[in-house]
Participant: 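Structure incoming, see below.
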Amino acid sequence: MTARPDIAVVGAGPAGMAAAVAAAEAGAHVMVFDEQPGPGGQIYRAIETPGPAGDAVLGADYAAGRGLSRAFRDSGAEYLPGATVWQVSPDREVGVSVDGRARIIKAGAVIVAGGALERPFPIPGWTLPGVMTAGAAQIALKASGLAAADAVFAGTGPLLYLIVDQYLKAGVPVRAVLETTPWSAYLGALPRLPGALLRAGKLRQGLGYIRAIRDAGVPVIRGVSGLAVAGDGRAERVAYTHGGHRHEIAAEHVFVHQGVVPNVNLTRSIGCRHDWDPAQACWRVATDAWGATDVAGIFAAGDGAHVGGAEAARLGGQLAALGALCTIGRIDAAVRNNRGAPIQHALAWELRPRPFLDALYRPAAADRVPAGDDVVVCRCEEVTAGEVRATAALGCLGPNQLKSFCRAGMGPCQGRLCALTVTELLAEATGRPPDAVGDFRRRPPVKPLRLAELAALEPDDTDGGDAGP
Amino acid sequence: MTAGADAIVVGGGLHGCSAALHLAMRGARVLVLEKDTVARHASGVNAGGVRRLGRDLAEIPLADAAARVWHAIGDLVDDDCGFQPSGQVKIGETEAEMAEMAARVERIRALGFAHEVLIGADELRERLPAVAGHCRGAIVVDGDGHANPFRTTQAFHRKARALGVRFLEGTAVRDLARAGGAWTVDSAAGHSQAPVLVNCAGAWGAAMAAKLGEPVPLSAEAFMLMVTQPMAPFVGPVVGAWGRALSFKQLGNGAVLIGGGHRGLADPDANRAGVDVAGLAASARTAAAIFPVMRHAAVVRAWAGIEGETPDKIPVIGESATAEGAFHAFGFSGHGFQLGPIVGRVVADLVTDGATDLPIEAFRIDRFAN
């Protein structure tokens with residue numbers, strides 16, 4: 001492994017692959033660190049080695065990733081699969097573990113393309129065995145063709161229907177789809193429809209999934225609220241409110257999903273500025289048009305920076321590559337602007353339906369901030385919504401004080417699964433906007449690191465020679 | 001202007017809260033000005049060592065008096081502060097170190113202190129079955145241990161408030177002036193007045209002292225800590241090493257906390273403390289060398305807290321040498337946590353009686369004057 005690349009890319013989904021291709025084409029030495037065993041990220045998971053599920057099940061959008069992964073393999077970018085990045089320092093030192101060995105690699109610029117994660121869905125019983133995210137259910141299908149029969153899918157967002165469709169195409173029966181999109185969201189989204197209609201193809205695709213699911217005889221119940229999973233030691237039934245009445249369905253597998261949000265752990269730990277995005281109700285790293293954060297030489301691209309889907313991520317990755325190439329002096333600003341203009345144009349076009357989709361699939365407030373005090377918010381430390389509210393009543397104003405008071409966010413996930421809930425809970429409890437409440441500080445290592453690996457880091461591995469501008 | 005006070009304490013860390021509490025216990029009306037939030041910096045994120053072991057000779061009388069307070073800490077602040085008197089152990093790894101350690105124990109015994117006890121390899125293995133085979137022995141102090149630093153500082157804060165102390169958080173001091181026997185402190189909260197001013201501003205304490213015309217060569221340091229995923233219980237006491245920087249303890253939930261003095265990057269102006277991987281790696285090597293089982297531990301978080309360190313690594317405690325009615329307690333150099341409960345009492349002694357029965361001559365601020 002050669003140290004000191006011009007550009008280090010974290011992640012090999014559409015944004016990371018596209019960034020690497022664009023940077024390598026310009027002659028830069030690129031190293032790509034990918035936690036997965038092969039390129040593709042989440043959306044194109046196992047794209048080079050599709051499991052039993054195959055393209056027929058996973059769809060044309062999935063197959064489209066193969067062209068990008070081939071271009072990536074041919075690009076000359078140095079690719080390190082199975083590489084866990086546990087730190088990026090503000091001066092562009094990447095701490096990474098590969099095959100049980102930790103290294104520190106200094107890069108001229110770093111493009112963080114770590115992707116999104118599923119928004120937490122804190123409902124009663126969400127920690128019971130048998131409940132998992134729809135995304136996790138999709139990973140099982142993509143990677144190994146494993147799928148649980150007769151599951152109930154619950155939640156909102158375009159991905160939910162896509163995954164149900166993939167299950168049905170794989171021949172796995174689905175018991176029901178409980179859609180939690182609030183009726184008010186349809187009204188809120190309506191004014192944004194004209195912009196989205198310019199990209200009617202995308203919308204038709206979504207409607208197609210819904211029709212296919214209904215045609216397969218799966219009940220789709222819309223306008224559901226008050227989801228709760230119950231059972232003796234594991235999921236046995238799902239309860240929900242619909243049409244003013246409580247209902248219950250027996251289910252041993254409940255797959256929940258209410259959209260994806262940027263995973264900000266790494267950009268937060270670097271110290272980049274983040275802003276609250278009210279449309280998507282999440283934090284996002286602040287960047288310029290080239291993906292540059294406010295920390296010199298640190299770029300962010302893809303759904304980890306702003307959720308816009310695979311094509312937007314691919315274009316964003318190309319823009320970040322141009323920005324990084326310019327920062328390290330490989331190209332000048334005129335070349336960057338010249339090459340970037342058509343990409344920016346395409347990105348704007350790609351993002352046309354976003355305001356509509358954001359408004360439609362913004363989860364109901366009651367599904368983001370649990371009404372009940374006994375719902376677990378922080379799974380690592382088993383802290384409930386009631387405990388967070390009680391701590392706020394004691395005068396705790398922000399997430400970082402909350403950690404010290406009740407350990408919420410102190411587990412190994414460093415708040416990945418509770419930070420948004422905590423921010424919105426504290427905002428509600430203290431009557432302040434999320435921006436004022438703030439977020440957990442994230443600390444390196446952002447992924448658990450074996451002490452033996454840390455101990456084996458010799459001074460040579462941490463040499464700080466400057467390959468940067 | 002804020003309402004009248006007998007004393008203004010600058011700094012809402014453990015020492016500020018303790019000074020405010022002890023002053024309030026004697027009937028004083030106290031105002032605490034904290035630029036961030038109570039326990040925001042070193043007081044809230046330190047290793048929580050309650051340690052007499054290995055103290056600078058000048059600190060031993062204070063630490064000894066503090067130990068007695070710690071063992072009845074609930075009587076003072078109505079909370080046990082998470083104090084676990086699990087003992088402290090400082091390990092010797094070579095015969096040469098063991099000889100130095102024996103001399104140390106003899107030396108403080110001659111001063112009249114018997115808390116440090118030298119043990120050999122067999123007893124060390126009895127106390128710490130997981131210790132590495134090369135370790136030769138240790139100094140141990142039974143009755144030392146560790147406490148939860150944030151909870152401790154909040155307990156002092158809460159008790160002080162219950163006794164009427166007012167805390168203004170997010171209130172940085174801008175300027176100081178003394179006229180007519182009273183201090184006027186200009187802060188974000190306006191002008192506050194009191195005859196007595198107490199500087200407990202930690203890493204920012206030298207800036208306060210400079211305003212009083214007595215500069216202190218204090219450096220801001222970011223002492224680093226890291227914590228692992230929970231492990232099966234394998235060590236009770238807090239463990240250090242004679243020859244290298246280490247402070248090592250297993251918490252109630254099984255997580256192991258590793259610190260010991262390696263420094264990160266302190267930026268006191270920006271309120272930021274970053275970690276330095278090379279220092280963490282050194283800590284990891286020491287931890288794995290002394291407890292081989294630690295090789296399998298997974299580090300989940302590392303952080304640093306900003307603390308003020310003096311050139312001689314002992315604090316500034318006492319009356320101002322230049323200004324009337326001003327007192328200092330800062331610059332604890334990374335080991336002030338255990339002293340918190342007693343130094344607050346010393347400050348209250350100085351303010352109300354003009355003297356204290358504990359020896360504090362070594363901590364005079366004017367020791368840096370020449």
Side-chain angles (χ1 to χ4, degrees), chain A residues 84 86-91 93-97 100 102-104 106 265 269-271 380-382 391 394-398 400-407 409-415 440-464, chain B residues 36-40 43-45 148-154 157-158 161 167 169-170 224-231 251 253 255-256 258 264-265 267 270 272-289 291-304:
Chain A
T84 301
W86 41 266
Q87 182 190 24
V88 175
S89 75
D91 47 3
E93 289 177 341
V94 180
V96 59
S97 288
R103 290 282 303 265
I104 305 278
K106 175 121 183 175
N265 274 29
S269 78
I270 298 169
C380 298
E381 297 287 338
E382 294 182 354
T391 310
L394 284 176
C396 170
L397 293 174
N400 294 304
Q401 273 190 306
L402 185 75
K403 287 204 283 196
S404 302
F405 272 108
C406 69
R407 297 196 56 82
M410 294 273 268
C413 93
Q414 288 214 40
F440 291 125
R441 274 190 293 275
R442 315 298 160 96
R443 304 295 199 182
V446 292
K447 296 281 172 71
L449 171 65
R450 278 199 322 127
L451 189 101
E453 285 184 59
L454 179 58
L457 267 180
E458 294 299 333
D460 279 353
D461 299 327
T462 57
D463 102 80
Chain B
D36 297 306
T37 53
V38 166
R40 164 72 176 81
S43 291
V45 299
N148 180 324
F150 183 83
R151 181 169 159 191
T152 300
T153 307
Q154 286 297 346
H157 173 215
R158 220 168 27 244
R161 278 205 310 198
F167 283 81
E169 296 177 287
M224 296 192 294
L225 286 169
M226 57 184 156
V227 69
T228 70
Q229 275 178 349
M231 304 175 72
L251 304 173
N253 66 357
V256 175
I258 305 167
L265 317 156
D267 186 350
R272 272 206 296 258
V275 302
D276 166 59
V277 176
L280 292 177
S283 276
R285 276 194 288 279
T286 305
F291 290 107
V293 65
M294 285 303 294
R295 298 188 61 75
H296 309 293
V299 178
V300 293
R301 198 165 61 250
W303 69 95

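All chains are named by letter (A, B, ...) in the order of the sequence lines, taking the proteins before the strands, and each is independently numbered beginning at 1.
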Participant: If I measure from the heavy atoms of chain A, does B:Arg158 come under 4.5 Å with its side chain, its backbone, both, or neither?
Facilitator: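 Neither part, no heavy atoms under 4.5 Å.
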Participant: Could you go through B:Val275 and A:Gln87, starting from their C-alpha distance and side-chain angles, then the distance that decides it, and tell me whether this counts as side chain to side chain contact (heavy atoms under 4.5 Å, CB included)?
Facilitator: CA-CA 10 Å; B:Val275 302; A:Gln87 182 190 24; 4.0 Å; yes
Participant: Give, as side chain, backbone, both or neither, the part of B:Ala270 having an atom under 4.5 angstrom from any heavy atom of chain A.
Facilitator: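 Neither part; nothing is under 4.5 Å.
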Participant: Where on B:Asn148 is there a heavy atom nearer than 4.5 Å to chain A: the side chain, the backbone, both, or neither?
Facilitator: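 Neither part; nothing is under 4.5 Å.
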Participant: For A:Arg443 and B:Trp303, which heavy atoms make the closest approach, and how far apart are they?
Facilitator: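 Closest approach of A:Arg443 to B:Trp303: NE-CB, 3.6 Å.
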Participant: Work out which heavy atom in B:Ala302 is nearest to a heavy atom in A:Pro445; give both atom names and the distance.
Facilitator: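 For B:Ala302 and A:Pro445, the tightest heavy-atom pair comes out as N-CD, 3.9 Å.
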Participant: If you count heavy-atom pairs under 4.5 Å between each of A:Cys413, A:Pro412, A:Pro90 and chain B, which one has the most?
Facilitator: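 Most pairs with chain B among the choices: A:Pro412.
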Participant: Walk me through whether B:Arg295 and A:Leu451 qualify under side chain to side chain contact (heavy atoms under 4.5 Å, CB included).
Facilitator: CA-CA 5 Å; B:Arg295 298 188 61 75; A:Leu451 189 101; 5.8 Å; no
Participant: Is there a donor-acceptor contact under 3.5 Å from the side chain of B:Arg151 to the main chain of A:Ser404?
Facilitator: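 No, B:Arg151 side chain to A:Ser404 backbone: no donor-acceptor pair under 3.5 Å.
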Participant: Hey, which of A:Arg450, A:Arg442, A:Glu453 has the most heavy atom pairs under 4.5 Å with chain B?
Facilitator: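 Greatest number of close heavy-atom pairs with chain B: A:Arg450.
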Participant: For A:Gln414 and B:Val300, which heavy atoms make the closest approach, and how far apart are they?
Facilitator: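 Taking A:Gln414 first and B:Val300 second, the nearest heavy atoms are NE2-O, 3.0 Å.
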Participant: Grab the two heavy atoms, one from A:Leu454 and one from B:Ala281, that are nearest each other, plus how far apart they are.
Facilitator: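 Closest approach of A:Leu454 to B:Ala281: O-CB, 3.3 Å.
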Participant: Got a second to check how far B:Arg301's CZ is from A:Lys403's NZ, nearest 0.5 Å?
Facilitator: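 Going from the CZ atom of B:Arg301 to the NZ atom of A:Lys403 covers 6.0 Å.
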Participant: How long is the gap from CG on A:Asp91 to CG on B:Leu265, to the nearest 0.5 Å?
Facilitator: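 Reported value, rounded in 0.5 Å steps: 8.5 Å.
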